Amino acid sequence: MLKIKNLYKSFNIGTDFENNLFRDFNIAFEDNTATTIIGSNGCGKSTLMNLIAGSLEADAGIIEIDGEDISKYKEEKRSKYIGRVHQNPSMGVSPSLTILENMALADKKNEKFTLRKLIKKDRIEYYKEQLKTLDLGLENKLDSRVDLLSGGQRQSLSLLMASMKHPKILLLDEHTAALDPKTSRVVMNKTIDLIKNKKLTTVMITHDMRDAVEYSDRVIMLERGKIVLDKKSSEITEQELYKIYQDKIIEMETRTE
Ligand SMILES: Nc1ncnc2c1ncn2[C@@H]1O[C@H](COP(=O)(O)OP(=O)(O)OP(=O)(O)O)[C@@H](O)[C@H]1O
C-alpha cells in the first residue's frame with residue numbers, strides 16, 4: 001500500500017507568489033487498485049506525482065510503501081519501487097537506442113552494468129514474449145531504433161519498460177494526452193491489460209472524465225492541493241463527474257475574485 005501522511009509542499013516561500021499547495025495532505029492507495037487523479041490546471045496533480053516519485057522534495061511528511069518510509073530516498077532509489085510513464089513519449093525510452101537495447105535497459109534497472117554487457121542473449125526470448133503482449137508486432141522489430149516508432153508504439157513500450165521489474169507502484173502522468181484519440185484508447189486498453197496482468201497498484205493523472213470512470217477503480221479530484229472528491233468509479237458516471245468538475249472550477253474562480 002502507498003501511504004502519504006501529513007505532506008506539506010510550498011513554492012516561492014516569502015515572496016508575493018507564495019503557494020502553500022499541500023498542507024497536511026493525507027491519502028492511501030490500496031494494493032492492486034487503479035486510482036485516477038483529476039482536477040483543473042494547477043491543482044497539484046503533477047506535483048503530487050513528483051513528490052511520490054522523488055523528483056521533487058517535500059517540505060514535510062511521510063511517504064510509505066508497504067510500511068517502508070521512502071521519504072528520504074532519492075528519486076533513483078525510489079525507482080526500485082516506482083515505475084513512471086510520462087506524457088512525453090520520448091521520456092520513458094532512450095529514442096536513439098533500439099527496442100532490444102531499451103528492453104535490456106529496463107531489465108537492468110537499479111543494477112550496475114557495462115554497455116558492452118547490456119544485452120544478455122538468454123533474456124531476448126523473454127523480451128519478445130513481453131513485447132508480444134502489446135500486440136504491435138514490436139517483437140519482430142527488436143533492432144529498430146525507438147525514434148522511428150509512432151507515439152502510441154513508444155508509449156506502449158514505455159509502459160512495458162516501466163512495469164518490467166514489477167514495481168509496487170505505477171505512476172501514469174497523462175501518458176495518453178499527447179496521442180490522437182484513437183491511439184489514446186488503444187494505449188489505455190493496453191495499460192489496463194498490463195495493470196491487471198501484473199497486478200500493479202496504479203495512480204493515473206488524466207483530464208479525460210471518461211477514462212477516469214472507465215479505467216480506474218477510484219477517482220480523486222484535487223483542487224488547490226486538497227481532495228474535494230474521493231469516490232469509487234462504479235458509484236459515479238462520466239456526466240456526474242464532469243458536472244462536479246465544472247461546479248468546482250466555478251466555485252474556485254468565484255472565490256478568487
Ligand atoms: N517548481 C515549481 N515552482 C513554483 N511553482 C510550482 C512549481 N511546480 C509547480 N508549481 C505550482 O504548483 C501548482 C500546481 O502545479 P502542478 O503542475 O502540480 O499542477 P497540475 O494539477 O499538474 O496542472 P496541469 O493540469 O496544468 O498539469 C501550480 O500553481 C504551479 O504553478
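This one's a predicted model, so the numbers in the text were calculated from it and none came from an experiment. Positions are given from 1, in the same order as the sequence printed here. Whatever order the structure lists ligands and atoms in, that order sets their numbers, starting from 1.
Protein heavy atom in closest approach to atom 26 (O) of ligand 1: N41 ND2, 2.9 Å. Atom 30 (C) of ligand 1 has N19 ND2, 4.6 Å as its closest protein atom, hydrogens excluded (heavy atom only). In terms of protein heavy-atom proximity, atom 16 (P) of ligand 1 is closest to T47 OG1, 3.5 Å. With respect to atom 25 (O) of ligand 1, the closest heavy atom belonging to the protein is K45 NZ, 2.7 Å. Distance from atom 17 (O) of ligand 1 to its nearest protein heavy atom, with residue and atom name: S46 CB, 3.9 Å.
Defined by atom type and a distance below 3.5 Å, a donor-acceptor pair is missing between the side-chain atoms of D208 and T206. Looking only at atom types and distance, the side chain of S55 has a donor-acceptor partner in the side chain of N50 under 3.5 Å away. A donor-acceptor contact closer than 3.5 angstrom links the side chains of T191 and H175.
Counting atoms of ligand 1 from 1 in the listed order, those under 4.0 Å from a heavy atom of C43 are 19 (O), 21 (O). Residue G44 approaches ligand 1 through these ligand atoms, each under 4.0 Å from one of its heavy atoms: 14 (C), 18 (O), 19 (O), 20 (P), 21 (O).
Taking 4.0 Å as the cut-off between side-chain N and carboxylate O, K199 and D31 do not count as a salt-bridged pair.
For a threshold of 3.5 Å applied to N or O pairs, the pair formed by N12 and ligand 1 contains no separation below that value. The shortest N or O to N or O distance between L48 and ligand 1 is not below 3.5 Å.
Cation-pi contact between R210 and Y242: absent, since separation from the ring centre below 6.0 Å together with deviation from the ring axis within 45° is not met. For the pair R123 and Y126, the cation sits on the ring face: its NZ or CZ lies under 6.0 Å from the ring centre, inside 45° of the axis.
Taking each of G225, G42, S40 in turn, the one with a heavy atom nearest to atom 19 (O) of ligand 1 proves to be G42. For atom 2 (C) of ligand 1, the candidate residues are F17, F11, F22; the nearest heavy-atom contact is made by F11.
Every residue meeting the side chain to side chain contact (heavy atoms under 4.5 Å, CB included) condition with T47, not counting sequence neighbours, appears here in chain and number order: K9, F11, L21, F22, L51, L56.
Ligand 1 has H207 within reach: a non-hydrogen atom of the residue lies less than 4.0 Å from it. Distances from ligand 1 to the non-hydrogen atoms of G39 include no value under 4.0 Å.
Crowding of K3 atom NZ: a count of heavy atoms from other residues, nucleotides or ligands under 6.0 Å not exceeding 12.
Using a 4.0 Å cut-off between heavy atoms, L222 makes no contact with ligand 1 at all.
Side-chain contact between L142 and T98: absent, with no pair of heavy atoms (C-beta onward) separated by less than 4.5 Å.
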